[in-house]
2 protein chains.
Amino acid sequence: MVDEIEVFRRFIRRRGMRYTPERETIILEIFSRHDHFDVDELYLRLHRQGVRVSKASIYRTLPLLIEAGLITEVFFEDGHMHYEHTFGHEQHCHLRCTECRRVIEFFDASLEKLEDRLVRDYDFQISGYSLEVFGLCPQCREQRRAATE
Amino acid sequence: MVDEIEVFRRFIRRRGMRYTPERETIILEIFSRHDHFDVDELYLRLHRQGVRVSKASIYRTLPLLIEAGLITEVFFEDGHMHYEHTFGHEQHCHLRCTECRRVIEFFDASLEKLEDRLVRDYDFQISGYSLEVFGLCPQCREQRRAATE
DNA sequence: GTATCTGCAAACCCTTTGCAATAAG
DNA sequence: CTTATTGCAAAGGGTTTGCAGATAC
């Protein structure tokens, strides 16, 4: 955790920006858990702890964390953006139940080979990817089956 | 193209809803091209042809087309939703330049095997997936290199 | 005829931004 | 001291919705 803080501090300083308590509070809170989060959740988590950081500051800090490579946006179909930090899991593969919205995170090595093929075929310099697989989880499939009988 | 219209008409009637000229106009316009689109583009394309369909109707029709399995949402990082129709390309693999936002569509058979593994490992009934690979295209990479010299 | 659909404009909600006060370096 | 950052509240911008008139069936 200290690592990310250090990466962020250096990133901020390198750009002649200021490393403020608000920015540190935000990154500390984000890296204190391994879950996905959205702005509201983060704001509430901070407020419950008695820390007062405005949403504006959160909205202004998240793009910095993205540019620093510490977090990434994750697209959910619920109308607002979600984020996850990249520490320890640079790849982003999600298996989503379209019914209950449960998310299972998985890893598959074949994607690294695919990445190599893309570099070769299209000459892109690849920085990351996001694979979202949609479907019905066993429970929801069963419920749906029962409902249509 | 007639196929999709038929699928949609049946989908609408099966639900006791009404197959209106506006709904037909929208689906006809969507399937008249193979590009991605967003609500504004679709609205303008219709208006340029002298067809007047409100954005509200477009916004109300798109979820129906999604439910009918005829189009899917595509997440772009530009603040609003994009769509593409699923006719002929059920898989959605995009290679995106993060600089110029160019999109290359590709297909890779290894993803079908990955899908099989997911079915086996997690017992999901998979309906689709979306793979977004991010990076720099050759041109933008070259420009960036030249700029930092 | 009845229930759904349309267009309009207002409401919504997430996100961004202008500004004056504050604080980092 | 200088310049960036903060919090607030207002503005933005895409999307949704209430409503009255129109229309599919």
Side-chain angles (χ1 to χ4, degrees), chain A residues 5-6 8-30 36-47 49-68 71-83, chain B residues 5-6 8-30 36-47 49-68 71-83:
Chain A
I5 304 266
E6 225 6 62
F8 190 44
R9 209 184 54 74
R10 282 189 197 140
F11 173 86
I12 290 289
R13 295 304 302 138
R14 200 182 318 124
R15 295 168 58 135
M17 301 172 89
R18 288 160 192 187
Y19 190 69
T20 64
E22 287 82 0
R23 286 179 176 156
E24 179 159 297
T25 302
I26 291 168
I27 187 176
L28 271 170
E29 184 57 37
I30 288 174
H36 300 272
F37 65 93
D38 59 34
V39 171
D40 258 34
E41 279 164 30
L42 185 55
Y43 178 78
L44 287 176
R45 275 159 58 182
L46 289 169
H47 263 241
Q49 297 170 35
V51 187
R52 46 156 190 53
V53 178
S54 70
K55 277 191 191 171
S57 290
I58 295 177
Y59 276 113
R60 284 189 272 235
T61 301
L62 293 180
L64 297 173
L65 290 168
I66 291 172
E67 281 191 73
I71 64 170
T72 52
E73 296 181 320
V74 187
F75 173 58
F76 277 47
E77 320 216 347
D78 66 351
H80 64 275
M81 195 49 66
H82 294 243
Y83 304 86
Chain B
I5 305 269
E6 226 6 62
F8 189 45
R9 209 185 53 73
R10 282 189 197 140
F11 172 85
I12 290 288
R13 295 304 301 138
R14 200 182 317 124
R15 294 168 58 134
M17 301 172 89
R18 285 157 194 189
Y19 190 69
T20 65
E22 287 82 2
R23 286 179 176 158
E24 180 159 295
T25 302
I26 290 169
I27 186 174
L28 271 170
E29 184 56 37
I30 289 174
H36 299 271
F37 65 93
D38 59 34
V39 170
D40 258 34
E41 279 165 31
L42 186 56
Y43 178 78
L44 287 175
R45 275 158 61 181
L46 289 168
H47 264 240
Q49 298 171 33
V51 187
R52 45 155 191 53
V53 178
S54 70
K55 277 192 191 170
S57 290
I58 295 177
Y59 276 113
R60 284 189 271 234
T61 301
L62 293 181
L64 297 173
L65 289 167
I66 292 172
E67 281 191 71
I71 64 171
T72 52
E73 296 181 320
V74 187
F75 174 57
F76 278 46
E77 319 218 346
D78 66 351
H80 65 276
M81 196 47 68
H82 293 244
Y83 304 86

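In what follows, chains are A, B, ... by sequence order, proteins preceding strands, each numbered from 1.
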Under the salt bridge (Lys or Arg N to Asp or Glu O under 4.0 Å) test, which residues partner B:E67, sequence neighbours left out? B:R15
Kindly calculate the angle separating the two end axes of the helix from C:dG1-D:dC25 to C:dG25-D:dC1, each obtained from five base pairs, and round it to 10 degrees. 40°
Between [X] (side chain) and [Y] (backbone), is there a donor-acceptor pair under 3.5 Å?
{"X": "A:R10", "Y": "A:R14", "value": "no"}
{"X": "B:R45", "Y": "B:E29", "value": "yes"}
{"X": "A:R9", "Y": "A:R13", "value": "no"}

Which nucleotide span of DNA chain D, 5' end to 3' end, has atoms closer than 4.0 Å to non-hydrogen atoms of chain B? D:dG14 to D:dC25
Rounded distance in Å - [atom1] ([X]) to [atom2] ([N]):
{"X": "A:F76", "N": "C:dC14", "atom1": "CZ", "atom2": "C1'", "result": "16 Å"}
{"X": "B:H47", "N": "C:dC8", "atom1": "NE2", "atom2": "C1'", "result": "12 Å"}
{"X": "A:Y43", "N": "C:dT15", "atom1": "OH", "atom2": "P", "result": "15 Å"}
{"X": "A:L42", "N": "C:dT15", "atom1": "CG", "atom2": "P", "result": "12 Å"}
{"X": "A:D40", "N": "C:dC13", "atom1": "CG", "atom2": "C1'", "result": "10 Å"}
{"X": "B:F8", "N": "C:dC5", "atom1": "CZ", "atom2": "C1'", "result": "12 Å"}

Only one of B:V51, B:V53, B:T20, B:L64 passes side-chain contact (heavy atoms from CB on, under 4.5 Å) with B:I26; say which it is. B:V53
Quick tally for nucleotides 17-25 of chain C: nucleotides whose base has a protein heavy atom under 4.0 Å get B, sugar-phosphate-only ones S, the rest -, giving BB----BBS
Of B:M81 and A:L64, the one whose nearest nucleotide on DNA chain D sits closer to the 5' end is A:L64
Quick one: side chain to side chain contact (heavy atoms under 4.5 Å, CB included) partners of A:F76, sequence neighbours excluded?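 For A:F76, the residues satisfying side chain to side chain contact (heavy atoms under 4.5 Å, CB included) (neighbours in sequence not counted) are A:H36, A:V74, A:D78, A:H82, A:R96, A:V103.
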Not counting sequence neighbours, which residues clear side chain to side chain contact (heavy atoms under 4.5 Å, CB included) with B:E73? List them please.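 Here the qualifying residues are A:F75, A:E77, B:I66, B:M81, B:Y83.
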Measure the [atom1]-[atom2] distance between [X] and [Y] for me, rounded to the nearest 0.5 Å.
{"X": "A:L28", "Y": "A:F8", "atom1": "CG", "atom2": "CZ", "answer": "10.5 Å"}
{"X": "A:I5", "Y": "A:I27", "atom1": "CD1", "atom2": "CD1", "answer": "5.0 Å"}
{"X": "A:L62", "Y": "A:I71", "atom1": "CG", "atom2": "CD1", "answer": "4.5 Å"}
{"X": "A:S57", "Y": "A:R23", "atom1": "OG", "atom2": "CZ", "answer": "8.0 Å"}

